[in-house]
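Everything numeric in this text was worked out from a predicted model, so none of it was measured. A, B, ... follow the sequence lines: proteins, then strands. Residue 1 opens every chain.
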Protein chains: 2
Amino acid sequence: MELSDEKKQLIEEVGIHLEERANLSPLASRIYALLILSSYDGMSFEKIVNTMQASKSSVSSNINVLLQLHFIEYYTKPGDRKRYFRTSDFYLKNTMEQQAHSLEKALRIVQKVNHFNADHNPEKFKKERSMGSLYESHLNEQIERINHTLTEIEKLKQ
Amino acid sequence: MELSDEKKQLIEEVGIHLEERANLSPLASRIYALLILSSYDGMSFEKIVNTMQASKSSVSSNINVLLQLHFIEYYTKPGDRKRYFRTSDFYLKNTMEQQAHSLEKALRIVQKVNHFNADHNPEKFKKERSMGSLYESHLNEQIERINHTLTEIEKLKQ
DNA sequence: TAGTTAGTTCGTTTCATATCGAACTAATCA
DNA sequence: TGATTAGTTCGATATGAAACGAACTAACTA
């Protein structure tokens with residue numbers, strides 16, 4: 001029931017990272033980190049409550065968020081009412097898809113900004129155009145790379 | 001003094017994007033968006049206060065944050081006490097440097113997680129290794145790309 | 001020197017969001 | 001059927017951050 005110090009600290013570190021990158025609440029981040037660092041068998045709701053020292057209600061709502069985002073999944077054992085949670089099979093794929101969306105959104109914004117400045121602040125646009133287009137093509141490249149990797153992951157799945 | 005509806009809406013859109021991506025407060029994000037979408041001459045403190053309909057104190061502290069992060073800079077005109085703020089010359093470069101750091105951090109975390117699971121959850125590690133290594137090399141590639149673009153920007157500066 | 005102006009400081013207020021706990025539901029068990 | 005258990009719901013509390021406003025400083029100006 002007690003975690004090693006090494007694991008505790010790693011949960012904290014990964015948790016903070018997830019908070020920042022995935023916009024999850026602190027507890028959701030810690031739970032997700034815990035499951036990332038645990039065996040593929042997963043953990044029961046109760047065990048998560050005890051390990052995290054958090055209330056049942058907090059764990060319940062945060063687990064539901066993680067389920068909705070498809071970051072985790074659950075399974076049941078015959079003759080056992082409990083649900084067992086684990087990281088979803090392809091959570092790295094989800095992470096990358098989110099990154100792709102975020103980059104695409106960034107690209108759309110940059111394009112809008114450049115367009116607006118070309119129309120309304122021509123002097124500024126001229127000054128920044130070369131860097132702006134460099135940035136645009138950089139974003140395009142990154143999106144391409146990510147999609148490429150996603151198709152490779154798709155192959156792995158089969 | 002009044003902004004066009006088009007500009008207002010774009011400030012909102014870019015502002016929300018900056019809030020999410022750059023971890024800036026709402027007002028800091030809006031001020032930064034305003035300056036991104038304004039002429040290279042920049043805007044005085046007073047004009048920013050009026051345009052944003054925010055208090056002097058809020059504008060003051062948020063501008064100082066943006067200055068510290070080198071997202072914006074200011075200049076003065078001889079015989080004019082006011083300070084004029086504009087986006088810093090190479091703010092896109094700063095953006096990319098931040099992205100590079102964030103990717104490097106992500107890579108270090110993923111490596112730590114993989115290492116931990118290899119030691120403590122061998123079954124899970126085996127199951128996820130191929131995807132994990134694919135992800136690792138993907139992150140490496142992205143970091144490489146970003147550094148490459150940064151050196152190209154460096155060339156532009158000269 | 002007295003008045004004005006640009007911008008800052010700092011204590012207070014407002015607001016959002018995370019977590020909690022007690023009461024509840026629905027399924028299982030004896 | 002009555003008791004137990006797994007998990008949810010929902011109103012209350014706590015915490016932290018953002019924005020505010022009044023008072024202040026420091027520089028200029030008449």
Spacing of B:K82 atom NZ relative to C:dT4 atom C1', expressed in whole Å:
13 Å

Any salt bridge between B:K105 and A:E20, counting N to O under 4.0 Å?
yes

Is it true that B:R83 and B:E73 have a side-chain N and a carboxylate O under 4.0 angstrom from each other?
no

Spacing between B:F45 atom CZ and C:dT9 atom C1', to the nearest angstrom
12 Å

Send over the distance from B:E19 CD to C:dC15 C1', rounded to a whole Å.
14 Å

What contact category does A:S55 fall into here, base, sugar-phosphate, or nothing, at under 4.0 angstrom with non-hydrogen atoms?
base

side-chain contact (heavy atoms from CB on, under 4.5 Å) filter on A:H120, not counting sequence neighbours, yields A:F116, B:E6

Polar contact flag, side-chain donor to acceptor under 3.5 angstrom, A:R21-B:S102
yes

Counting the atoms with a prime plus P, OP1 and OP2 as sugar-phosphate, which does A:K56 contact under 4.0 Å by heavy atoms, base, sugar-phosphate, or nothing?
base

Contact under 4.0 Å: A:S57 side-chain N or O vs C:dC20 OP1/OP2
no

A:Q53 CD to C:dT19 P: how many Å, rounded?
14 Å

Going 5' to 3' on DNA chain D, which nucleotide is the first and which the last to come under 4.0 Å of a heavy atom in chain B?
D:dA18 to D:dC28

Which residues pass the side chain to side chain donor-acceptor pair (under 3.5 Å) test with A:E154, sequence neighbours left out?
none

Does the plane of the ring in A:F85 sit parallel, tilted or perpendicular to the ring in A:Y74? Use 30° and 60° as the thresholds.
tilted

What is the distance from CZ of B:F85 to C1' of C:dA6, rounded to the nearest Å?
10 Å

In this structure, how many angstroms lie between the C1' atom of C:dT9 and the CG atom of B:N62, rounded?
15 Å

Does A:D80 or B:S44 map to a spot on DNA chain C nearer the 5' end, using the closest nucleotide for each?
B:S44

Separation of A:R30 atom CZ from C:dA18 atom P, in whole Å?
12 Å

Classify A:S25 by what it touches in the nucleic acid, base, sugar-phosphate, or nothing, heavy-atom distance under 4.0 Å.
sugar-phosphate

If you assign A:N23 and A:R81 each to the DNA chain C nucleotide with the nearest heavy atom, which residue ends up on the more 5' nucleotide?
A:N23

Exercise: do A:N62 and A:S25 side chains pair donor with acceptor under 3.5 Å:
yes

